[in-house]
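Here the structure is laid out as structure tokens; the discussion comes afterwards.
In what follows, residues are counted from 1 in the order of the sequence shown.
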Amino acid sequence: SHWNCTRACEGMPIMDIRHAHIRPLVEDIIAQADKAVKGEGKVCANLRFTHDTNVMPLISALKINGARATYTGGVESCAVSTFVSEMIPMAANLQFVFYRNREGDILVRILLNERDATVPIKDVAPHFYRWEALRDYMLGELAMFDQRVATNR
């Protein structure tokens, strides 16, 4: 599945706003998760709310379930884009659920619309990733996302 960003459908100012939200959002998700993992504070859940068109850039930035963004410049390209309603239906949601196993390892399960989701890194059990590996992956994908956005301007 992929999200087709098109300048013709939304215009660059709107796309720029959506892209500008990705880095601070992912950095804050990581910062809040790190605090919780270290036992700093009493936060047990961190909920954020947004429109589905802001969820899709996040999903594609992190390549969740293989999602990717394609940048085009015409209405025709937008009209033939892949249908993404399975990824961002009404009330779309993305969850990072943290677990601590008996050995003290922090494992993360990713859920997209209440279903197990994957990222292209090694899992320790089906759909469970070590937090350190997922964290490093997310930071690396931010750098790649920044580059993709800059290239497609």
Straight-line distance of [X] [atom1] to [Y] [atom2], nearest 0.5 Å:
{"X": "N113", "Y": "L94", "atom1": "CG", "atom2": "CG", "result": "8.5 Å"}
{"X": "I29", "Y": "L25", "atom1": "CD1", "atom2": "CG", "result": "4.0 Å"}
{"X": "I121", "Y": "E141", "atom1": "CD1", "atom2": "CD", "result": "9.5 Å"}

* Residue list, salt bridge (charged side-chain N to carboxylate O under 4.0 Å, His left out) with D136, at least two apart or on another chain ->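 Checked D136 against salt bridge (charged side-chain N to carboxylate O under 4.0 Å, His left out); zero matches.
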* Structure fact -> Sequence neighbours excluded, the answer for salt bridge (charged side-chain N to carboxylate O under 4.0 Å, His left out) partners of E27 is R23
* Asked: Where do I22 and L58 land on the side chain to side chain contact (heavy atoms under 4.5 Å, CB included) test, with the steps shown first?
  -> CA-CA 6 Å; I22 296 299; L58 175 62; 4.2 Å; yes
* Asked: Under the salt bridge (Lys or Arg N to Asp or Glu O under 4.0 Å) rule, what pairs show up with a residue in residues 90-107, not counting sequence neighbours?
  ->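 Qualifying pairs: D105-R130.
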* To do: Quick one: which residue pairs count as a ring pair (Phe, Tyr, Trp, His ring centres under 6.0 Å) with a foot in residues 104-129, not counting sequence neighbours?
  => Y99-F128
* To do: Would you list the pairs meeting ring pair (Phe, Tyr, Trp, His ring centres under 6.0 Å) in which at least one residue belongs to residues 24-45, sequence neighbours left out?
  => none
* Min side-chain heavy-atom separation L111-D116 under 4.5 Å ->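 Side-chain contact under 4.5 Å: yes.
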Nearest heavy-atom neighbours spanning [X] and [Y]:
{"X": "Y137", "Y": "V119", "value": "CE2-CB, 3.8 Å"}
{"X": "I59", "Y": "A67", "value": "CG2-CB, 3.6 Å"}
{"X": "W131", "Y": "V108", "value": "CE3-CG2, 3.7 Å"}

In this structure, would [X] and [Y] fall into the same cluster of hydrophobic residues linked by side-chain contacts under 4.5 Å?
{"X": "L139", "Y": "V37", "result": "yes"}
{"X": "V55", "Y": "M138", "result": "yes"}
{"X": "L107", "Y": "L134", "result": "no"}

* For Q95 and E114, what are the C-alpha separation, side-chain angles and deciding distance, and is it a side chain to side chain contact (heavy atoms under 4.5 Å, CB included)? -> CA-CA 8 Å; Q95 300 173 45; E114 288 86 38; 3.6 Å; yes
* Sequence neighbours left out, what passes side chain to side chain contact (heavy atoms under 4.5 Å, CB included) with A117? Give chain and number order. =>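 I64, N65, I110, L112.
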